[in-house]
Amino acid sequence: MKILVVGGAGYIGSICAEVLLDQGHEVAILDNLSEGHRRALDPRAEFIEGDLADRETTAATLAQLRPDAVMHFAANALVGESMENPSKYFRNNIAAGLNLLDGMIAAGVKRLVFSSTCATFGPPERVPIDEETPQRPINPYGESKLAFEKILKWYDTIHGLCFVSLRYFNAAGASEKFGEDHHCETHLIPKVLKVALGQKRHVEIFGTDYETPDGTCIRDYIHIIDLADAHILALATPASAFYNLGTGGGSSVREVIETCRRITGHPIPVVEKPRRPGDPPRLIASSKKIKRELGWRPKFQTLDAIVESAWKWHQKFPRGYED
Ligand code: UDP
């Protein structure tokens, strides 16, 4: 298939583009390089530098390429930033996304895989979180993604858009070529690995008084390659759908740090800090629906496998895409 990967210079988009290309698909990448990196662009893909906020360029790109499907990764995704600057999140994640949808409909492109998030749920009443769990986001980031999910339903009803919305839990790990390098790193695993690389003295633990066995937050870390596989399966669904995407297991912040110590051989000093605003204590996915309906099978079941791949990439590229 010919796939337009929007946001293909970012962490998740770059690895999905790589896996698509490995499987013989034709890939074009549209990215404004605001969060992504030129060096994260797979050289086998055609690259169009452009911004979804530019309605004309977006429409022209779709009309010219006429892909079989679009994968949409281009978004801002930091909870904390969204609490400070909600306008950026509603503008980029909703308004700019509408330009993409309208361009698709005008060009007759009727299939979309959308990057959604467990942040659309807010703090759940129970875990694991399945697709029936009520969605009550507690920050503008989650709200913007939920709003876009609702827009997608209307574009299906009115324009016949077939979409799959994948609600990621905590994407982590790396491929051989591409990994996680954000301009401003906030995520736990890359921050811990920067300590192991000697680039930071310690890692901070945000909150040690949660109602969890060791007092720190629990997250469901899913390997980026397993996530990419889900996107490829999503290209063949007969109808629109929402799927939660995690491993169904949870690791606490302390467990992540301990795993990183074991794998890197570095003592990784920690400093305990107060809770980070907006962090739910425990987020674990039920991915039964995507397993049942699309036959998705995660290959990297353990946190060890995830951290090992991330550590390999960070050792190879200690300055990330700057090197
Ligand atoms: N976290 C932490 N120290 C850090 C970064 C993150 O203790 O330097 C915690 C964070 O509070 C959360 C978990 O690690 O409980 C995962 O955070 P991350 O930002 O990686 O992902 P999120 O779950 O927010 O999407």
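Numbers here are sequence positions counted from 1. All values below come from the heavy atoms of this structure, side chains included, with hydrogens, waters and symmetry mates left out. Just so you know, ligand 1 is whichever comes first in the structure, and atom 1 is the first atom listed for that ligand.
Taking the six-membered ring where the residue is Trp, Phe148 and His72 present perpendicular rings, their angle passing 60° and hence far from 30°.
The closest side-chain donor-acceptor pair between Glu180 and His187 falls under 3.5 angstrom.
With Val253, Val79, Val195, Ile257 as candidates, the residue nearest to atom 14 (O) of ligand 1 on a non-hydrogen basis is Val253. Among Asp279, Val203, Thr117, the residue whose heavy atom lies closest to atom 10 (C) of ligand 1 is Asp279.
Taking only nitrogen or oxygen atoms, main chain and side chain alike, Phe206 reaches within less than 3.5 Å of ligand 1. For the pair Leu188 and ligand 1, the shortest N or O to N or O distance falls below 3.5 Å.
Heavy-atom proximity to Lys191, at under 4.0 Å, picks out these atoms of ligand 1: 4 (C), 8 (O). Close contacts between ligand 1 and Ile205 involve ligand atoms 7 (O) [criterion: under 4.0 Å to a heavy atom]. Using a 4.0 Å cut-off to heavy atoms of Tyr221, the atoms of ligand 1 that qualify are 16 (C). Close contacts between ligand 1 and Glu204 involve ligand atoms 2 (C), 3 (N), 4 (C), 7 (O), 8 (O) [criterion: under 4.0 Å to a heavy atom]. Atoms of ligand 1 found under 4.0 Å from any heavy atom of Cys217 (numbered from 1 in listed order, with element): 15 (O). Taking every heavy atom of Asn170 and a limit of under 4.0 angstrom, the matching atoms of ligand 1 come to 21 (O), 22 (P), 23 (O), 25 (O).
Nearest non-hydrogen protein atom to atom 23 (O) of ligand 1 is Arg219 NE, 2.8 Å. Closest protein heavy atom to atom 5 (C) of ligand 1: Thr186 O, 3.4 Å.
When the options Asn92, Asn76, Asn93, Asn139 are evaluated for a side-chain hydrogen bond (donor to acceptor under 3.5 Å, both in side chains) with Ser144, the one that passes is Asn93.
Heavy atoms from other residues, nucleotides or ligands lying under 6.0 Å from CZ of Arg275 number more than 12. In the displayed structure, Lys312 atom NZ is contacted under 6.0 Å by at most 12 heavy atoms of other residues, nucleotides or ligands.
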Start with the C-alpha distance between Phe163 and Trp154, add both sets of side-chain angles, then the distance that settles ring-ring contact (aromatic ring centres under 6.0 Å, His included), and finish with yes or no. CA-CA 11 Å; Phe163 69 86; Trp154 286 111; over 10 Å; no
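Residue contacts with ligand 1, taken as heavy atom pairs separated by less than 4.0 Å, involve Arg276 solely via side-chain atoms from C-beta onward.
Separation of the Phe178 and Tyr11 ring centroids does not fall under the 6.0 Å cut-off.
Checking side-chain atoms of Ser82 against main-chain N and O of Tyr141 turns up a donor-acceptor pair under 3.5 Å.
Contact annotation: the side chain of His314 approaches that of Pro190 to within less than 4.5 Å [non-hydrogen atoms, C-beta and beyond].
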